[in-house]
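Below: one structure, written as structure tokens.
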Amino acid sequence: MTVARTICLGFIAVILLGAILLTMPFSTGNGNWNDPIVALFTSTSAVCVTGLAVVDTGTEFSFLGQLFIALLAQIGGLGYMTTTTFLILLIGRKFDLRQKVAIQQALDRPGMSGSSQIIRSIIATTLLFELTGVFLLMIAFVPEKGWQEGTWLAIFHSVSAWNNAGFSLFKDNLIGYQSSPLVIITIGCLIIFGGIGYQVILDMYLWLRDSFSYQRNRIIKKTSCLIFSLDFKVATSTTLILLVLGTIAIFFIEIRNDSVFGKLSLSDKILAAWFQSVSTRTAGFNSIDIGKMTNAGLFIMIALMFIGASPGGTGGGIKTTTLRVLTSCTKAILQGKEQVLLYNRKIAISLILKAVGVVFGSLATVIVATVLISITDPTLAFIQILFEVVSAFGTVGLSTGITATVSTAAKLILILTMYIGRVGILLLMSSILGDPRPSRIHYPEENLLVG
């Protein structure tokens, strides 16, 4: 039982437990037993923080069912190892070496020291952002829905947004609030900070703390200054670039599509394009009708969904750092260099190989799933199938409207795709093949024609 197998089996256990709970009559809106496939699909979508839904979450599930979905999304967003480690801290037990190694691999950290502190900071950061989102969303929901329903709507959507889950209790998702800056900006910011990674947020907090401390003590010579990590620089810069490019692309491609933007004002169209660019990066909320977008707009969103969020966050995809490593490799080759540099730092060969493995495995998963669904549901358009598969793999949750209509076999394929996208293709393969064994054998180098 390796660490990778522990994590993968842990996610399966949580998914199955969630499916059992969502099958029970007390979880459904009509009080009857739920369809096991629907329950399994919804549980997988919640734990994998995807947001794809085969039924309307707001009407088909009772309050308990909605609460279970929110809790499953919270566990999925934090990660299996983070959640179990937090429970260990609550009961006062100490970490052993195996748990420290598991946390290191689950969070992709360079070392094992400070495991309990990083878990506490992750939980504190999560609570801080989610509670802030709840209070802001209550301003919009309570006057319209009343205290009880409005408060629950604020809690559910704040948890769903921070964990990049994409579940909504409204039938049209957030289309009804597309002209509400308070709702759109609040959920959009929760999505961004939830997907950018805890280490980036921690670096930002330390920088702000040191800056304010320096301003208060300007007379005293400053003895130290915070140097941003490479993760921070890559994650923030890449996220900003993708958000801007995505907003511009969606806005200009769909600006003449009245079925998407309708009669919105120019400012509301920009807000809708920005929010969809944010949500496409693995959140799954939509303030426009995805099914009525043009093929060009859908393909742009497919590319953004495939890239996804940043490591250490609640989102999926191949991650922003993987994209930057591969683009830097391409840049180095075009410039005739033998070293890959990022912000004047050399990238290790092992990281480059890992990035290549992530992209190759991700493409293989998307291709296989797309081919299989094309066989099981031949009447569906190819762009719709590809969009659905990439949305599932990237744990995004956006759909052109075919999720509820696909066959049972296609639903099972999407369930497996969501699971692979959440645990990660490399971690899954490691759990199947086992940990690599060191070898002292070195082979001769040989040239090969490439390109």
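Position 1 is the first residue of the sequence; numbering continues from there.
With sequence neighbours left out, Thr28 forms a side-chain hydrogen bond (donor to acceptor under 3.5 Å, both in side chains) with Asn30.
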### Task
Could you give me the CA-CA distance, side-chain angles and deciding distance for Ile373 and Thr376, then say whether side-chain contact (heavy atoms from CB on, under 4.5 Å) is met?
CA-CA 5 Å; Ile373 296 180; Thr376 60; 4.2 Å; yes
### Message
Under the criterion side-chain contact (heavy atoms from CB on, under 4.5 Å), I'd like the reasoning laid out for Ile352 against Cys329: C-alpha separation, chi angles, the key distance, then a yes or no.
### Response
CA-CA 8 Å; Ile352 298 175; Cys329 288; 3.6 Å; yes
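For Tyr343, the OH atom is densely surrounded, since the number of other residues' heavy atoms within 6.0 Å is greater than 12. Within a 6.0 Å radius of CZ in Phe251, other residues, nucleotides and ligands contribute more than 12 heavy atoms. Open room surrounds CD on Gln148; 12 or fewer heavy atoms of other groups in view lie less than 6.0 Å from it.
For the 3.5 Å distance criterion, the side chains of Tyr205 and Thr125 fail to qualify, holding no donor opposite an acceptor. Between the side chains of Thr320 and Ser310, a donor-acceptor pair is found at a separation under 3.5 Å. A side-chain donor-acceptor contact under 3.5 Å links Asn164 and Thr282. For the residue pair Thr238/Arg324, the side-chain donor-acceptor check at 3.5 Å is satisfied. In this structure, a donor-acceptor pair under 3.5 Å is absent between the side chains of Thr57 and Gln66. Counting only N and O atoms by type, the side chains of Gln276 and Glu254 include no donor and acceptor under 3.5 Å apart.
Contact check for Ile288 versus Ile175: no side-chain heavy atoms found under the 4.5 Å cut-off. Taking the side chain as every heavy atom from C-beta outward, Met24 and Leu64 never approach each other to under 4.5 Å. Side-chain contact between Phe387 and Ile290: present, with at least one pair of heavy atoms (C-beta onward) separated by less than 4.5 Å. Side chains of Ser121 and Tyr198 form no contact here, defined as non-hydrogen atoms less than 4.5 Å apart. Residues Ile12 and Leu9 have side chains in contact (heavy-atom distance under 4.5 Å, counting atoms from C-beta outward). Here the side chains of Arg281 and Thr239 are in contact, with some heavy-atom distance below 4.5 Å. Counting heavy atoms from C-beta on, the side chains of Val325 and Thr322 never come closer than 4.5 Å.
The line from CD1 of Ile15 to OG1 of Thr42 is 12.0 Å long, rounded to the nearest 0.5 Å. In this structure, Lys145 NZ and Leu169 CG are separated by 10.5 Å, a value rounded to the nearest 0.5 Å. A distance of 9.0 Å separates CG in Asp258 from NZ in Lys263, rounded to the nearest 0.5 Å. Note: Leu243 CG to Ile248 CD1 = 11.0 Å, rounded to the nearest 0.5 Å.
Although no hydrogens or angles enter the test, the distance criterion places a donor-acceptor pair under 3.5 Å between the side chain of Ser391 and the main chain of Gly397. A donor-acceptor contact shorter than 3.5 Å links the side chain of Ser431 to the backbone of Leu428.
Partner of Met301 under the side-chain contact (heavy atoms from CB on, under 4.5 Å) criterion, chosen from Asn286, Thr400, Leu398: Leu398.
Within the structure, ring-ring contact (aromatic ring centres under 6.0 Å, His included) contacts touching residues 134-156 (residues at least two apart or in different chains) are Phe63-Trp152, Phe141-His157, Phe141-Phe170, Phe141-Tyr177, Trp152-Phe156.
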